[in-house]
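Read the structure below first, then the notes.
Throughout, a chain's letter reflects where its sequence line sits, starting with A, and its residues are numbered from 1.
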Amino acid sequence: MSGGGCNIVWFRRDLRVEDNPALAAGVRAGAVIALYVWAPEEEGHYQPGRVSRWWLKQSLSQLDSSLRSLGTTLITKRSTDSVSSLLQVVKSVGATQLFFNHLYDPLSLVRDHRTKEILTAHGVTVHSFNADLLYEPWEVLDDVGQPFTTFAGFWSKCLSMPYDPDSPLLPPKRIISGDVSLCPSDPLVFEDESEKGSNALLARAWSPGWKSADKALTTFINGPLIEYAKNRRKADSATTSFLSPHLHFGEVSVRKVFHLVRLKQVLWNNEGNQAGEESVNLFLKSIGLREYSRYISFNHPYSHEKPLLGHLKFFPWVIDEDYFKAWRQGRTGYPLVDAGMRELWATGWLHDRIRVVVSSFFVKILQLPWRWGMKYFWDTLLDADLESDALGWQYISGTLPDGRELDRMDNPQFEGYKFDPNGEFVRRWLPELARLPTEWIHHPWNAPPSVLQAAGVELGSNYPIPIVGIDAAKARLQEALAQMWQHEAASRAVIENGTEEGLGDSSDSSPIAFPQDMEEDRTALRNNPTTTTIRRYEDQMVPSMTTSLVRVESEETSSDLRVERGRAEVPINLNMDEEPRADIVNQVNNLQHFNIAMALRDAEDSTADSSSSTISRRERDGGVVPVWSPPASSYSEQYVGEENSFLQRHPQSHQVMNWTQRLSQTG
DNA sequence: CAATCCTTATA
DNA sequence: ATAAGGATT
């Protein structure tokens with residue numbers, strides 16, 4: 001087939017052939033070149049982390065084999081600028097049309113707009129589609145045509161739209177391939193040597209790709225779904241859908257999920273099965289939250305950087321990298337928090353409830369800047385998703401109109417008994433506490449010395465004393481909030497008096513920089529752009545000793561226990577018992593090195609001085625990506641309203657809402 | 001039946 | 001924290 005008049009289908013986070021509107025349209029239009037462009041530098045701070053890249057690699061390879069069975073292959077390009085890569089491919093294959101599916105994160109909104117402009121200017125017809133949502137953000141409006149500002153309103157509107165979400169499309173029967181020889185693929189590198197060991201562990205628990213996505217969906221709908229309402233609150237239950245990473249990469253379409261769940265609901269309804277109703281509603285609600293995260297991102301395209309409710313910008317964050325490190329490494333002294341953070345570290349996964357616990361602890365008890373926590377989630381979660389995570393952290397930080405109040409402090413001890421009443425979750429991830437009776441498992445600092453001794457727990461030695469006491473945290477939070485409101489009022493007064501802005505605002509004119517060890521080494525990257533980003537960010541590595549291994553020893557038990565617990569400890573079924581565990585046995589023997597290694601790492605890390613350099617470096621690098629530069633306009637509104645200037649500077653192709661006025665009425 | 005206590009959920 | 005709903009008296 002000659003390249004003339006062929007169509008490019010640009011895959012991004014829609015790595016599937018089923019229910020893929022862009023692919024379907026491309027196939028209908030004629031010969032297809034299926035393209036994936038890997039340009040992580042475009043994502044700025046939010047380049048995919050180790051586990052995301054691990055996932056992506058396999059998902060792409062499965063997409064490629066699907067495409068091959070349909071008649072073409074996936075062309076991959078390594079790039080630092082998607083749009084110019086697209087142009088190159090257009091030229092080399094002589095394409096006349098481009099098809100892609102919408103994304104709603106701030107960078108994609110801008111990049112896709114630019115793509116449309118530039119390619120159109122080059123005579124290419126660009127078609128874009130909704131493949132990620134039940135309804136496009138601009139379709140879901142209230143009675144007066146404004147976007148909703150609370151989830152409840154948004155979601156009930158979604159559920160009562162006058163038309164159903166589009167039905168899932170079947171995969172194409174056959175794809176007429178464009179001339180792929182005109183456009184050779186670049187090899188894409190998604191992991192470096194240092195990451196291989198950590199990544200090897202992931203494969204025991206997860207299998208990326210649309211096939212597993214479909215399987216996970218069916219398994220969930222036919223199994224755990226009916227009990228979802230009951231079970232979703234248990235910290236370590238394997239009763240959630242485990243669909244989030246699949247959904248993030250678009251391996252299964254949310255519309256398919258929605259339709260199948262709805263079918264089940266109808267079925268249960270006809271059987272008079274009431275139990276299923278609540279479960280279905282709750283599960284669909286979690287799908288709805290994902291929708292809402294896109295909705296928020298579209299309507300507030302700065303929400304990953306800036307709080308939606310402006311007052312939070314006056315919050316006096318505690319800039320303490322030792323706190324931050326203790327949180328990341330699960331050494332805060334609060335067992336539920338620590339267990340969660342160790343699970344995240346070792347597996348890239350965390351139950352939804354525990355995400356709330358650890359992030360709330362982060363913001364309210366440690367009072368670290370929420371963006372640090374969000375960035376860590378982004379770097380370490382298998383289902384890292386900018387829109388969802390931004391929504392989650394803003395919810396926790398009290399900057400959504402309907403989020404939690406910031407002054408409502410959650411107590412990890414009580415939450416522990418709520419979500420992990422028998423302490424099983426804590427014992428699994430904190431083997432050093434394994435022998436502590438349930439009575440004390442969530443507050444070892446209160447346990448009598450004799451109990452601690454019997455359990456082999458030495459507070460301050462093999463398990464930390466709480467790094468911040470609850471009472472102290474409460475006091476500090478009250479103080480911080482008072483200060484925040486005071487500054488907020490002062491700033492508003494300044495504006496109302498018509499005084500020139502700028503007073504007292506200077507410190508907030510740019511977000512608090514990430515600690516330096518969180519930043520990519522861009523120099524290395526620029527010198528060698530074909531490799532993945534080099535990071536000095538060690539938390540992306542599984543600790544040489546994973547907690548599961550510690551457990552094996554501490555419980556001095558045989559392999560069958562390991563197998564049985566291993567099932568629960570990793571989210572998805574796999575046959576751990578078939579694995580020869582020589583590697584693990586080896587590491588178990590090195591158990592004692594675990595804490596030492598950590599201590600050494602701490603010592604090394606403390607030499608790195610974080611802070612100031614980050615921002616200027618970012619500014620210098622601003623040419624490639626539309627870098628977020630916070631506008632210098634006033635703070636007169638309770639809701640941060642400056643994204644209008646963002647939109648003016650970075651226009652979007654999708655319809656843009658004038659929601660600002662609407663928002664300021666709500667607060 | 002109303003008042004009160006208790007549980008639960010909270011995007 | 002608090003509001004709603006359920007259970008209890």
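Within 4.0 Å of Y395(A), counting heavy atoms only, lies at least one base atom of the nucleic acid. Counting any heavy atom pair closer than 4.0 Å across all strands shown, G392(A) reaches a base atom. Within 4.0 Å of D352(A), counting heavy atoms only, lies at least one base atom of the nucleic acid.
Summarising the geometry, the separation between CG on L309(A) and C1' on dA11(B) is reported as 13 Å, rounded to the nearest angstrom. One atom, CZ of R355(A), and another, C1' of dA11(B), lie 14 Å apart when rounded to the nearest Å. Going from atom OH of Y292(A) over to atom P of dT10(B) covers 16 Å, rounded to whole Å. We find that CZ of R408(A) is positioned 11 Å from C1' of dA3(C), with the value rounded to whole Å. Atom CZ of F154(A) and atom P of dA11(B) are 14 Å apart (whole Å). Computed from coordinates, the I296(A) CD1 to dA11(B) C1' distance equals 9 Å when rounded to whole Å. Atom CD of E405(A) and atom C1' of dA3(C) are 13 Å apart (whole Å). Between the CE atom of M409(A) and the C1' atom of dT2(C) there is a distance of 18 Å, rounded to whole Å.
In this structure, a donor-acceptor pair under 3.5 Å is present between the side chains of T438(A) and R427(A). Between the side chains of N101(A) and D132(A), no donor N or O sits under 3.5 Å from an acceptor N or O. E439(A) and Y417(A) share no side-chain donor-acceptor pair at under 3.5 Å. With 3.5 Å as the limit, one finds a donor-acceptor pair spanning the side chains of W55(A) and E251(A).
For the side chain to side chain donor-acceptor pair (under 3.5 Å) test, residues two or more places apart in sequence or in another chain that qualify with K256(A) are E18(A), D214(A). Not a single side chain to side chain donor-acceptor pair (under 3.5 Å) links R232(A) to another residue, sequence neighbours left out.
Ring centroids of F315(A) and W317(A) are separated by less than 6.0 Å, placing the two rings close together.
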Interface polar pairs with nucleotides 7-9 of chain B, N/O, under 3.5 angstrom:
from   : atom 1 : to      : atom 2 : distance (Å)
dA9(B) : OP1    : R233(A) : NH2    : 3.0
dA9(B) : OP2    : R233(A) : NE     : 3.4
dA9(B) : OP2    : R233(A) : NH1    : 3.0

